[in-house]
*Asks:* 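This structure is in structure tokens; I'll ask about it shortly.
As the structure is a computational prediction, the values presented were derived from the model and not from experiment. Below, each value reflects all heavy atoms present in this structure, side chains not excepted, and no hydrogens, waters or symmetry copies. Labels below follow one simple rule: chain letters A, B, ... track the order of the sequence lines, proteins then strands, and each chain is numbered from 1.
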Amino acid sequence: MSSGLEVLKARGFIKQCTDFEKLDKLMSEKRISFYAGFDPTGKSLHVGHMVPLMAMAHLQRAGHRPLSLVGGGTALIGDPSGKTEMRKIQTVEKIQENSTSMKKQIEKFIDYSDDKALMLNNYEWLGKLNYIEFLRDIGRHFSVNRMLGFETYKMRLETGLSFIEFNYQLLQSYDFLVLNQQHGCMLQIGGDDQWGNIVAGVDLTRRVESNEVFGLTFPLVTRADGKKMGKTEKGAVFLDPDLFSPYDYFQYWRNIADADVEKFLLLFTFLSVEEIKELGKLEGQEINRAKEILAYEQTRIIHGKEEADKAKEAARAAFTPQGSTSVDKSAIPSITVDKAELETGINVMDLFSRTALCSSRGEARRLVTQGGASINEVKITDINKSIDFTFVEDNELLLKAGKKRYFRVIVS
RNA sequence: GGGGAGGUUCCCGAGUGGUCAAAGGGGGCAGACUGUAAAUCUGUUGGCUACGCCUUCGAAGGUUCAAAUCCUUCUCUCCCCA
């Protein structure tokens, strides 16, 4: 039986592992349970969570059992790893609420039928922890000297680290221990910034239970332009279609840098490695084909085939000069406007600022002045222009800001 | 608890009574170039009923014709001592 680790390795998922050979052997012999944690600090998962999710899916396909741990308890504290400042502490209610909605998203991704995977919330055991007992049973295994040596803490020692954050590692280690005890969890996977916390959990489990468990980290995925994955000017790229439309999601992937194409196809699609290598060979304009495939696959995984098809159609329609009249543009985000309003005419700036294209009238003014605004491919440069029925085509207006941001206005 | 340094527009960071909607950089947006890339160059970057008006420089008051800049109190952060 293939352990599944080779797949991860071939696809570039692996940065560090506590003991790759041993783990590979173990996973080839039997199916194991493994876990990844998700912090419910927001209402939705975002693209930054895709790497662990994809890794879990791959391992599940190889026959192993994923435990998705929603950090309802740990989120109350805030992980200092890789951050320069303390995270805002949120209310218990808010975090519980976030946990449930994130749970739904992960469920879409991992097969939870017949106990093939479990969804857990560490609030169950962290919430009722007794401080004295915890210190005595768990705290004694941690050496402050050692912890201070970790890179993550070193950094924070410069700027300041509160005691509550310093404790984070103990709680995360405790999670691993509990999961090992209750579910026989043998492996924790996570981003490379979690390495210290993961190793600490491995140590704790060995000390308390004398069980050898493993840790595995993914490389921190950055884009070729050095920016963090999943961030746009407008904020995070959420998986929730209400926060980030499938069309925009498609476009996000469609617009990645050339240099990232092959890497991302490996990490974020299920296409075979051979197939991806072929796509990676494309050059020049051709590479756009690979980007489209990436965008399509990702959108399909997250939003389903139907939405992915629509997004692809809509993107093609919007970016193919004329011609394709009867294509479905319905995936492009839209607002509706009353027929009567158009009879009298709406000022360009007003119209644009009503859409997600411009957040204020001033921004719309700038856009128009600088020649970045057009309606149904007709450039508008006069800020006093009144938009009326003469602009309407197919009962709608296709607004464009810059070269690639589209928005529809439907007349009703 | 004592002493010191600070909180400036999306971020970093100038500004210490009018010439400040606030230098510079980053980021963003737009234009040119392109392949719905990258790099580069240029413009732009609080809001509005726009040659004027309104809101912004941690919070609340006060001094002044006039404050981001001065005074008072509060609050938060960092550093040193205990």
*Asks:* Using atom CD1 of A:Ile287 as one end and atom P of B:rU34 as the other, report the distance to the nearest whole Å.
*Replies:*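 To the nearest whole Å, that distance equals 19 Å.
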*Asks:* Name the pairing partner of B:rU9, where a pair is Watson-Crick or G-U wobble with both distances under 3.5 Å, or state none.
*Replies:*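 Pair assignment: B:rU9 / none.
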*Asks:* Does B:rU69 have a Watson-Crick or wobble partner in any strand here, with both distances under 3.5 angstrom, and which is it?
*Replies:*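 No nucleotide pairs with B:rU69.
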*Asks:* When you measure from the side chain of A:Thr100 to the backbone N and O of A:Gln96, does any donor-acceptor pair fall under 3.5 Å?
*Replies:*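 Here the side-chain-to-backbone pair exists.
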*Asks:* Taking only the C1' atom of each, what is the distance from B:rC29 to B:rG46 in whole angstrom?
*Replies:*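 It comes out at 15 Å once rounded to the nearest Å.
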*Asks:* Is any side-chain heavy atom of A:Lys305 less than 4.5 Å from a side-chain heavy atom of A:Tyr296?
*Replies:*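 Of all side-chain heavy-atom pairs linking A:Tyr296 with A:Lys305, at least one is under 4.5 Å.
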*Asks:* What distance, rounded to whole Å, do you find between the two C1' atoms, one in B:rU49 and one in B:rU55?
*Replies:*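 Nearest-Å result for B:rU49 against B:rU55 at atom C1': 16 Å.
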*Asks:* Under a 4.5 Å cut-off applied to non-hydrogen side-chain atoms, are A:Phe109 and A:Met54 in contact?
*Replies:*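 The answer is yes, as the side chains (C-beta and beyond) meet within the 4.5 Å cut-off.
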*Asks:* Measure the distance from CZ on A:Arg316 to P on B:rG35 and round it to the nearest whole Å.
*Replies:*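 Checked: the CZ to P distance equals 18 Å.
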*Asks:* Enumerate all atom pairs, one protein N or O and one N or O from nucleotides 46-48 of chain B, separated by less than 3.5 Å.
*Replies:*
from   : atom 1 : to       : atom 2 : distance (Å)
B:rG47 : OP1    : A:Ser360 : OG     : 2.9
B:rC48 : OP1    : A:Arg361 : N      : 2.9
B:rC48 : OP2    : A:Gly362 : N      : 2.7

*Asks:* Using a 3.5 Å distance criterion without hydrogens, assess whether the side chain of A:Asn347 forms a donor-acceptor pair with backbone atoms of A:Asp350.
*Replies:*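 Yes; at least one donor-acceptor contact below 3.5 Å.
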*Asks:* Does A:Glu306, at its CD atom, have more than 12 non-hydrogen atoms belonging to other residues, nucleotides or ligands within less than 6.0 Å?
*Replies:*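 Not more than 12 within 6.0 Å, no.
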*Asks:* In whole angstrom, what separates A:Ile293's CD1 from B:rU36's C1'?
*Replies:*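 The distance from CD1 of A:Ile293 to C1' of B:rU36 comes to 16 Å, rounded to the nearest Å.
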*Asks:* With P as the reference atom in both, quote the distance from B:rC10 to B:rG61 in angstrom, rounded to an integer.
*Replies:*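 Roughly 22 Å separates the two P atoms.
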*Asks:* Considering only atom P, compute the distance from B:rA66 to B:rC54 and round it to an integer number of Å.
*Replies:*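 15 Å, rounded to whole Å.
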*Asks:* Do the side chains of A:Lys291 and A:Asp258 get close enough for a salt bridge, i.e. N-O under 4.0 angstrom?
*Replies:*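 Yes.
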*Asks:* Tell me which nucleotide, if any, is Watson-Crick or G-U wobble paired with B:rG43 when both distances must be under 3.5 Å.
*Replies:*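 B:rC29 - that is the nucleotide pairing with B:rG43, both distances being under 3.5 Å.
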*Asks:* Could you tell me which nucleotide pairs with B:rG1 by Watson-Crick or G-U wobble geometry, both distances under 3.5 Å, or answer none if nothing does?
*Replies:*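 Across all strands, the one nucleotide that pairs with B:rG1 is B:rC81.
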*Asks:* Syn or anti for B:rC65, taking syn as within 90° of 0?
*Replies:*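 Anti conformation here, the glycosidic angle of B:rC65 being more than 90° from 0.
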*Asks:* If you find the nucleotide of RNA chain B closest to A:Lys312 and the one closest to A:Arg365, which residue's nucleotide is nearer the 5' end?
*Replies:*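 Nearest-nucleotide comparison on RNA chain B picks A:Lys312.
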*Asks:* Between B:rU56 and B:rU72, how far apart are the P atoms? Round to whole Å, please.
*Replies:*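 It works out to 23 Å between them.
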*Asks:* Between B:rA60 and B:rG15, how far apart are the P atoms? Round to whole Å, please.
*Replies:*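 Those two atoms are separated by 25 Å.
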*Asks:* Taking the basic N atoms (NZ, or NE/NH1/NH2) and the acidic carboxylate oxygens, is any pair closer than 4.0 Å for A:Arg136 and A:Glu133?
*Replies:*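 The answer is no: the pair does not qualify as a salt bridge.
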*Asks:* Considering only heavy atoms from C-beta outward, does the side chain of A:Ser44 approach that of A:Gln105 to under 4.5 Å?
*Replies:*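 Yes; the side chains approach each other to less than 4.5 Å.
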*Asks:* Rounded to whole Å, please give me the gap between NZ in A:Lys403 and C1' in B:rU36.
*Replies:*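 Distance check: A:Lys403 NZ to B:rU36 C1' gives 9 Å.
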*Asks:* For B:rU56, give its Watson-Crick or G-U wobble partner with both distances under 3.5 Å, or none.
*Replies:*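 B:rU56 is unpaired by these criteria.
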*Asks:* Take A:Phe268 and A:Ile302, measure what side chain to side chain contact (heavy atoms under 4.5 Å, CB included) needs, and give me the verdict at the end.
*Replies:* CA-CA 11 Å; A:Phe268 303 113; A:Ile302 299 303; over 6 Å; no
*Asks:* So for atom CD, which belongs to A:Glu283, do other residues, nucleotides or ligands contribute more than 12 heavy atoms lying within a distance under 6.0 Å?
*Replies:*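 No, because the 6.0 Å sphere around CD of A:Glu283 holds 12 heavy atoms or fewer from other groups.
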*Asks:* Is A:Arg316 salt-bridged to A:Glu292, cutoff N-O under 4.0 Å?
*Replies:*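 Yes, this pair counts.
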*Asks:* In this structure, how many angstroms lie between the P atom of B:rG28 and the CZ atom of A:Arg405, rounded?
*Replies:*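 Going from CZ in A:Arg405 over to P in B:rG28 covers 13 Å.
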*Asks:* With the side chain counted from C-beta on, respond yes when A:Met56 and A:Tyr35 share a heavy-atom pair under 4.5 Å apart, and no when they do not.
*Replies:*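 A side-chain contact is absent here, since even the closest heavy-atom pair is not under 4.5 Å.
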*Asks:* Starting at atom CD of A:Gln370, determine the distance to atom C1' of B:rA32, rounded to an integer number of angstrom.
*Replies:*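 Taking CD of A:Gln370 and C1' of B:rA32, I get 13 Å after rounding.
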*Asks:* Over how many whole Å does the gap from A:Leu367 atom CG to B:rG43 atom P extend?
*Replies:*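 After rounding, the gap between these two atoms is 19 Å.
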*Asks:* Quick one: label A:Gly371 by what it contacts on the DNA or RNA (base, sugar-phosphate, nothing), any heavy atom closer than 4.0 Å.
*Replies:*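 If one applies the 4.0 Å heavy-atom cut-off, A:Gly371 turns out to touch the sugar-phosphate alone, with no base involved.
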*Asks:* Polar atom pairs between nucleotides 21-23 of chain B and protein, under 3.5 Å, N or O only, would you list them?
*Replies:*
none

*Asks:* When you check the gap from the basic side-chain N to the acidic O, do A:Asp240 and A:Lys43 get nearer than 4.0 Å?
*Replies:*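 Looking at A:Lys43 together with A:Asp240, the answer is no, because their closest N to O distance does not fall below 4.0 Å.
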*Asks:* How many Å lie between CD1 on A:Ile383 and P on B:rA30, as a whole number?
*Replies:*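 Nearest whole value for this atom pair: 18 Å.
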*Asks:* Taking only heavy atoms on the protein side, list every residue of residues 251-269 of chain A lying under 4.0 Å from any atom of RNA chain B, sorted numerically.
*Replies:*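 Here the set is A:Gln251, A:Arg254, A:Asn255, A:Ile256, A:Ala257, A:Asp258.
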*Asks:* Do A:His58 and A:Phe13 have ring centroids that are under 6.0 Å from one another?
*Replies:*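 Between A:Phe13 and A:His58, the centre distance is under 6.0 Å.
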*Asks:* When the P atoms of B:rA22 and B:rU45 are considered, how many whole Å apart are they?
*Replies:*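 These two P atoms come out 10 Å apart once rounded.
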*Asks:* Taking the same atom, C1', in B:rG7 and in B:rC57, what whole-Å distance lies between them?
*Replies:*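 Those two atoms are separated by 10 Å.
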*Asks:* Any strand is fair game: report the nucleotide pairing with B:rG35 by Watson-Crick or G-U wobble, both distances under 3.5 Å, or none.
*Replies:*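 In the structure as shown, B:rG35 has no Watson-Crick or wobble partner.
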*Asks:* Can you tell me whether the base of B:rA30 sits syn or anti, using the 90° cut around 0 to define syn?
*Replies:*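 This nucleotide is in anti.
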